[in-house]
Amino acid sequence: MTGQRDPARRLTISIGLHGSLLVAHASGDLDYRCADLLHRQIGDAWQDAPTAGVVLDLGGLTFCDSMGVGALVLLLHQSRAQHSPLVLSSLPARVERILAITGLRGFFHVEPSVEAAIQAAGPGHVTGTG
């Protein structure tokens with residue numbers, strides 16, 4: 001198929017551990033072609049370490065559509081099902097706006113930096129809004 005780019009090249013996801021927390025960094029386009037990739041990679045890593053929370057750094061996103069937001073909502077559902085925190089960090093203004101317009105912003109715990117998100121998701125903190 002010519003003219004189509006590989007979804008893996010549109011979105012880059014790196015996942016590592018910080019203590020018992022998964023810390024994931026996403027950069028590029030979080031759109032209908034890549035939303036499943038984000039959900040699957042982070043969701044699978046989280047399943048492998050179900051007691052760990054997840055910090056998801058979105059500072060590198062250049063685009064996010066409704067399917068991207070849907071992937072974030074699926075991760076939020078997984079967070080609640082596992083009783084494990086999901087903390088978003090470094091939200092680009094356009095993603096913040098999409099979450100606000102859709103009424104979803106209040107359901108996510110958001111911190112301005114990865115460091116603040118790690119603090120918020122650390123032991124003794126519960127899943128909630130921020």
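Since the model is a prediction, treat every value here as computed from it, not as a measurement.
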Would you say the side chain of Leu22 lies within less than 4.5 Å of the side chain of Ile42, judging by non-hydrogen atoms?
no

Does the Ser79 side chain pair with the main chain of Ser84, one donor and one acceptor, at a distance under 3.5 Å?
yes

Does the side chain of Ile13 reach to within under 4.5 Å of the side chain of Leu38, using non-hydrogen atoms?
yes

Between Val110 and Val87, does a side-chain contact (heavy atoms from CB on, under 4.5 Å) hold up when you go through it step by step?
CA-CA 6 Å; Val110 178; Val87 181; over 6 Å; no

If you measure from CG on Leu91 to CZ on Phe108, what distance do you get to the nearest 0.5 Å?
9.0 Å

Check: residues 55-76 side-chain donor-acceptor pairs under 3.5 Å, at least two apart:
unit_1: Asp57; atom_1: OD1; unit_2: Gly59; atom_2: N; d: 3.0
unit_1: Asp57; atom_1: OD1; unit_2: Ser90; atom_2: OG; d: 3.4
unit_1: Asp57; atom_1: OD2; unit_2: His25; atom_2: ND1; d: 2.8
unit_1: Thr62; atom_1: OG1; unit_2: Gly28; atom_2: O; d: 3.1
unit_1: Thr62; atom_1: OG1; unit_2: Asp29; atom_2: OD1; d: 2.6
unit_1: Asp65; atom_1: OD1; unit_2: Tyr32; atom_2: N; d: 3.4
unit_1: Asp65; atom_1: OD1; unit_2: Met67; atom_2: N; d: 3.0
unit_1: Asp65; atom_1: OD1; unit_2: Gly68; atom_2: N; d: 3.1
unit_1: Asp65; atom_1: OD2; unit_2: Tyr32; atom_2: N; d: 3.0

Does any donor atom in the side chain of Gln82 or Gln78 lie under 3.5 Å from an acceptor atom in the other side chain?
yes

Check whether any side-chain heavy atom of Trp46 lies under 4.5 Å from a side-chain heavy atom of Leu86, and answer yes or no.
yes

Got Glu111 and Leu88 here, is their nearest side-chain heavy-atom distance under 4.5 Å?
no

All salt bridge (Lys or Arg N to Asp or Glu O under 4.0 Å) counterparts of Glu96, not counting sequence neighbours:
Arg105

How many angstroms lie between atom SG of Cys34 and atom NE2 of His39, to the nearest 0.5 angstrom?
15.0 Å

Closer than 4.0 angstrom, basic N to acidic O: yes or no for Arg40 and Asp36?
yes

Evaluate the side-chain proximity of Leu30 to Leu11: yes if any heavy-atom separation is below 4.5 Å, no if none is.
yes

